[in-house]
Amino acid sequence: MSLHKTLNLARKLLLVALAGLAFAAPAQSEPLRIEITEGVIEPLPFAVPNFQAENASAGEMAQSIARVVAADLAGTGLFREIPSSAFISTVTSFSSPVQYADWKAINAQALITGAVSVGTNGKITVKFRVFDVFSQGQLGEGLQFAGSAGSWRRMAHKVADAVYSRITGESAYFDSRVVFVSESGPKNARQKRLAIMDYDGANLQFLTDSSALVLSPRFSPTGDRVLYTSYETGFPQIFLLEIANVGRSALPTPNGNMSFAPRFSPDGNEVVFSLENGGNTDIYRMNVGGGGAQRLTSAPSIETGPSFSPDGSQIVFTSDRSGTPQLYVMSANGGAARRISNGAGRYNTPVWSPRGDLIAFTKQNAGRFHIGVMRTDGSEERLLTASFLDEGPTWSPNGRVIMFTRESQGASGAAALYMVDITGRNLRRVTTQGAASDPSWSPLQ
Amino acid sequence: MKTGLYISGLAHAALILWLLFGSLFLARDNEDLLQVSQVSILSEAEFAALSAPEPVSVAPATSTNAPARPQPPAPEPEPEPEPEPAPTTPEVAPADIDRVAPEAAPEPEPLVEVAPVVRDPVTPDQAGDVTQPETQATAPEAATTEIVTEVTETAELAPATSARPHARPNRTAPTPEPEPDPEPETETAAATDPLADAVATAVAEATEPSPVPSGPPLSQGEMRALQVSVGNCWNVGSLSSEALGTTVVVGVEMTPEGRPEIASIRMVSFSGGSEASARRAYETARRAIIRCGATGYNLPSAKYEQWREIEMTFNPENMRIK
């Protein structure tokens, strides 16, 4: 090969190389890219200094409200309160600038400041701000609530709800109530009556006396009514109770047969329940005011524990048609049902999540009771608890937490209410006066 | 220190210029010498005489030893491999394969360094511990067996993709200076030779000073250390399930000391969720970058240009409730 050809070839190769270099150069100016797939799951540390009392009469209430807010957040297990003894700086005014460095130093990632004032008419005003300490900015705008002095706890719950939502991005559940069966007396002669309380056990009120056995109270979607089963007529019958005036009335069921396990439809206009007829138990739906009864199942087995999906199109229920109690899903108008529980053991008390994505249930297997959740098609079953007796799950309004009954073993054993996150974390007992069972969680107020 | 660099740069530049333009001086001479007479014409008889004997001698050799026609030279080597390689290869090959796999695992090394940080046992009540902002309490009795992060972690220990081969860093400084000498010739050549023109343009672009990252790229270990450092502060415990389904890409500019410039942190993009959930996911990611970068990430300062700007993809796939 001649020198000329060699040089020409070299020139071309060089051209290609330089062109490649020219194109490669801009690529290098791009940022370094990494992917983070492994994080940590820890409670987020937060600080709630005592709220500022904007007048003398608000002093005690300001502290109490701050404590309730802190307890709400810490109780979720998603947050961890930093004790005030660790604080470096103090908040002296609601409008004073935040000393981020001081809060960073104690690793407070969220800071909640607030102020309370009591008006001349007795009304209280609560205002608050949430700060992202490490980002050195406010999370959302400041907010304030006004109400009567008697509702200060509720206002505190509302503040906590707002804080929770701003940090997590989902709705909360603090400003909600629970209706349940309050129990007293020895285990073999229990007296039961309906009671209602805040979700955290405060503001307990009894809705019925203990003259008749009551079971399975269920909140209406608007939280102003309760369906429950009572034996006051000698056999189980469904009653409707207005919470505001504690007035109650029996639901007229077909043929006056035994009815139980009621639950509202998502629009609150209908009730789905079990009805015993000639030794066979099937599921019916009817108007809350009575009438329009429709039989949804007709198998020669026990069908009970119905629960609507949030969109009202389907119903999950328990049936022992296969020999043991299992979970089935059918159209809200009845018809063919498909079995969704496939694990070993017996499944009962299914409840559709308010988010619509999960079904909570009670499972009995190998001598243990569990509260669990599964997808609505029965997949991804996860057991969240295990004990001598766990049963009767009810969902928090945001579908993040499940409350249920746990009964301890032995003659002295008693029922109590517990809560657990749907991750299985943060299992904790709900404070109640005496024994309690069969909880039903209200929607957010 | 840079004397060698300058000498090398000058030498390279001279070589490049000689390759580019040296031929111009020789071109005229060579053009005159170009002839087509080297192509000789053969008659059919000559061609037959040249081509016939070779296939004849090769064909028998291949046909006797191997059915594969295209491997005429194979016969001689084949007899030797048959007796010896047979016993040796079965032993060597698997052994080599087995050794390769474990050695690909040197990646665990960074993990070993990191593990203690992840498992820092801190009691939940030590919130007021001012000196250890990073060692927060782990979720009490939190971890459930359902979230099999360890399984997925080990699966991801080995890099999913090999390190991108970065181009060699440019040695730009010395080269532009020697260029002025041959410039006059370049101009004349460029006027007549488009190829040379293109080359000159490419050279100019390639050697032009630019904010190109300098120094070698980050090693796998350095990248992994950065991932772990940020991940240690990426607390998704308070995220909603929807936000846990949202992947966000966060851009950040770094100071030479390895600290994130807070004002530069921004959400580049997100996927898998609503804007609201992306916002929450971004806030959590932002918090992670700031918290663990407060004292500066452990990044090699010599490679600052490589990590001056970083895009971090926060993918919570492994952190979701399964």
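Throughout, protein chains are lettered first and strands after them, A, B, ... in sequence-line order, and every chain is numbered starting at 1.
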Is any NZ, NE, NH1 or NH2 atom of the basic residue among A:Arg166 and A:Glu141 found under 4.0 Å from an Asp or Glu carboxylate oxygen of the other? no
Is it the side chain or the backbone of A:Ser171 that comes within 4.5 Å of chain B heavy atoms, both, or neither? neither
Taking every non-hydrogen atom, the tightest pair across A:Ile167 and B:Arg280: O-CD, 3.6 Å
Tell me every residue that passes side-chain contact (heavy atoms from CB on, under 4.5 Å) with B:Ser274, counting only those two or more places apart in sequence or in another chain. B:Glu242, B:Ala276, B:Ser277
Between B:Gln227, B:Glu253, B:Arg279, B:Glu283, which residue shows the highest count of heavy-atom pairs closer than 4.5 Å to chain A? B:Gln227
Using non-hydrogen atoms only, which part of A:Leu384 is less than 4.5 Å away from chain B: side chain, backbone, both, or neither? neither
Taking B:Tyr297 for the side chain and B:Ala225 for the main chain, is one N or O donor matched with an acceptor at less than 3.5 Å? no
